[in-house]
Every structure is written in structure tokens, then in C-alpha cells.
Amino acid sequence: MLDSVIRGVIGKLAECQDIHVDDLVILLSASDAGILQDLHDWADKIRKKTLGDAVLLRGIIEISNRCNQSCQYCGLRKENRKIHRYRMAEEEILDVAKKIEACGISTVVLQSGEDLLSMDRVCALVENIKKETDLFVTLSIGERCYDDYRAFREAGADRYLLKHETASKTLFEALRPGSSYDNRRRCLLWLKELGYETGAGNLIGLPGQGVSDLAEDLLYMRNLRADMIGIGPFIAHPDTPLAGFPGGTGEMTLKVVSLARLLLPKANIPATTALGILEKDGRKRALQAGANVVMLDFTPEIYRRYYDIYPGKTRVVTEMDVYLNVLRGELESIGRTIGKDRPLETTRESAS
Ligand code: SAH
Ligand code: SF4
């Protein structure tokens with residue numbers, strides 16, 4: 001009986017019919033292996049139909065780990081005095097961006113803590129990357145004012161990632177003291193309005209988070225018409241107030257990935273690093289459950305170990321060319337190829 005209800009909801013979603021928070025709660029609560037496989041298969045089918053078999057690669061450079069925020073879940077929070085803080089120089093960032101391009105990757109993601117890099121500095125960086133390479137530039141440097149976002153866009157930035165983290169106001173305010181729920185959402189609307197391909201996303205398994213919160217996350221991202229969706233399990237960091245909390249599961253993360261694919265068939269959804277760390281084969285499983293993007297960390301080794309957002313994150317991998325071959329083999333084994341990037345159709349009109 002329950003099976004038929006759940007399969008009915010999956011069918012409704014796959015046919016893009018209107019969906020209610022209760023429908024999502026039913027699916028998020030499902031634990032039967034057969035049902036979960038059906039859900040992932042549907043999402044995989046939709047991914048194949050709308051985006052094909054090409055997996056898009058992004059090269060990420062973690063340009064600074066300085067942060068003036070106090071997010072309870074994150075190892076980079078300003079109260080964590082155990083990590084050495086760094087900020088990469090512009091020439092170093094440019095060199096790495098060129099390396100990313102030389103590896104055949106067409107997007108660079110510049111990420112940092114909420115470091116108060118000046119507007120001019122960020123603009124100069126983006127302009128130089130655009131001048132010296134053909135890369136698409138994604139910024140992920142946190143909340144800024146409208147004028148900054150506009151200036152970055154005019155300097156050539158194509159995309160912006162700003163995870164909304166959680167759609168629950170209560171959780172957001174408890175876990176991000178000093179940060180405003182409404183302002184983060186306002187930033188996401190500005191980014192859409194300015195014509196960025198805009199990325200939202202959430203954390204799975206935060207202390208106190210329920211399935212209805214995750215259902216609200218999904219509806220929020222659908223209503224925003226998010227172009228990119230970062231879905232990652234929360235992994236407790238020992239030097240934060242959430243040390244010792246259990247964290248998100250691979251199973252729940254994959255459910256949310258599949259549902260995100262069904263709600264937003266064309267979105268770019270990465271198989272996130274955090275899921276890969278949490279579970280053996282996590283990346284492969286996410287790619288078979290709706291994801292179509294892989295992020296590769298190009299942060300120089302001397303800095304990477306300090307970009308300590310969650311445990312396991314700073315692990316150093318082998319040389320990138322060796323690693324890319326391994327990845328190519330992994331993708332081939334599941335019938336996928338490495339794809340070429342192109343701009344998405346803009347969806348900003350529908351974000352209001
Ligand atoms: N400072 C910027 C970008 C860097 S943080 C910002 O906050 O937007 C990048 C992402 O790391 C955050 O969006 C958050 O979702 C994720 N993150 C932080 N702490 C984490 C943890 N303990 N486990 C998993 N992901 C975490
Ligand atoms: Fe800073 Fe981002 Fe970590 Fe929050 S999640 S502490 S803003 S780096």
C-alpha cells in the first residue's frame with residue numbers, strides 16, 4: 001500500500017506535475033531499497049533525457065580561508081584559532097586557472113571564506129582570468145552587497161554559488177549566529193536578477209533538521225529556479241561547537257539529489273566532495289542518481305590543508321593528470337563521458 005503511494009508520487013514528479021511538501025516528505029521518509037532504487041533510476045533517466053551522458057568538470061581554487069563568520073558547522077569559522085589563515089596572491093590564482101584550462105576544463109570556481117576582499121580586487125582577478133584564459137568564472141565568496149555583485153558580473157563573472165544552507169529559519173539562525181536568513185535569500189535573488197547562473201544548495205543531516213526541512217529546501221530551490229544545486233552531507237568538524245554530532249547520511253543525501261533532479265531537470269548538480277568523502281563510491285552513486293557535475297580541487301597543496309571546512313576535505317590527491325585518467329575510467333564504467341561546458345539558458349525571469 002505504502003509502496004504504491006510512494007511510486008505514485010515518484011511518477012507525479014517524473015511527469016513534472018505540481019508537487020506538495022507532503023509528497024516530498026513521503027519520499028524523503030522512504031527507506032525500502034527497491035523504492036530508493038526506483039527514485040534514483042527515475043532521476044537518472046531524467047538527467048539522461050535533459051542533459052545527456054556528458055559530465056561537466058569544474059576546477060576549484062580555494063583562494064582564501066579567512067572568514068569573518070561564525071557558522072557553527074564550519075571549520076573555517078572565525079573562532080577557530082587552530083588553523084593557519086592564508087590568502088592566495090593574484091598571480092598564484094592566475095597560474096592555477098591556466099593549469100585548469102590546460103587540463104581541458106572550462107570552468108574555474110573561486111571559493112573562499114567570507115574574507116573581506118575589496119570589490120576592486122575581486123574585479124581585477126576576474127578580469128585577468130577572463131583576459132588570459134577562455135574559462136567560465138564561478139565565484140563562491142559569500143554574501144556581498146548588490147553593487148559588488150553587479151561589479152563582479154560586469155568584470156566578467158558568469159556564475160555564483162551561494163548555498164542557502166537550510167530553508168528552516170530557526171535552524172539557520174541557530175547555526176549561523178550573526179548572519180541573516182532574509183539577507184542570504186535576498187542575495188540569491190540579486191544574483192538571479194544580475195544574470196548570473198546561480199547556485200543554491202543545502203546541508204543534509206544538520207542537528208535538529210527534519211525531513212520537512214529538507215522538503216522545504218527542495219521547494220525553495222525549485223521556486224528560485226536554481227541553475228546549480230550543491231547538496232552535501234554535514235560532516236562534524238572537531239574544532240566547532242557541533243563536534244561529535246552524527247552528521248548526514250549518504251542515503252539521505254542521495255535521496256535529496258534525486259528529488260532535486262526531478263524538480264529541476266536542467267540544473268547542474270555536482271556529485272559533491274563531501275559525499276565522496278562520506279561514502280566509498282559516493283561520487284559514482286550520485287552521478288547515477290541525478291548528478292551531472294564533478295568538482296576537482298586545484299588548490300595548491302601548501303594551502304589546501306588549511307581549507308579545513310570539514311574533516312577529510314583537505315586530503316591531498318595524486319597529480320591531477322593521473323587523477324583525471326582515473327576519473328575518465330570511472331565515468332566510462334558507468335556509460336558517461338567528460339563533456340564540454342556551455343552557458344545555461346537564463347532563467348532569471350522566473351525567480352521572483
Ligand atoms: N564562505 C562561503 C563559501 C565557502 S563555504 C559561503 O559560506 O557561502 C562552502 C560550503 O561549505 C558552505 O556553503 C557549506 O554548505 C559547506 N560546509 C561548511 N561546513 C560544512 C560541514 N561541516 N560539512 C559539510 N559542508 C560544510
Ligand atoms: Fe565562513 Fe562559509 Fe564556513 Fe560560514 S560556511 S564559516 S561563511 S567559510
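Both counts, for ligands and for their atoms, begin at 1 and track the order of listing.
Contact annotation: E165 has at least one heavy atom less than 4.0 Å from an atom of ligand 1. Ligand 1 lies within reach of G113, whose nearest heavy atom is under 4.0 Å from it. Taking a 4.0 Å cut-off on heavy atoms, A274 fails to register as neighbouring ligand 1. The closest approach between R66 and ligand 1 stays at or above 4.0 Å for every heavy atom of the residue. At least one heavy atom of P233 lies less than 4.0 angstrom from ligand 1.
The nearest protein atom to atom 7 (S) of ligand 2, hydrogens excluded, is given as E114 CG, 3.5 Å; this is a heavy-atom distance.
Both tests pass for R185 against the ring of Y220: distance under 6.0 Å to the centre and angle within 45° of the axis. Remark: R144 fails to qualify as a cation-pi partner of F152 under the 6.0 Å distance and 45° angle criteria applied to the six-membered ring.
Between Y306 and Y86, the ring planes lie tilted relative to each other; the angle falls in the 30° to 60° range.
For the 3.5 Å distance criterion, the side chains of T299 and D297 qualify, holding a donor opposite an acceptor.
At least one protein heavy atom sits closer than 4.0 Å to atom 1 (Fe) of ligand 2.
The residue from T166, I235, I231, N68 that puts a heavy atom closest to atom 23 (N) of ligand 1 is I235.
For C71, the nearest N, O or S atom to atom 4 (Fe) of ligand 2 falls under 2.8 Å.
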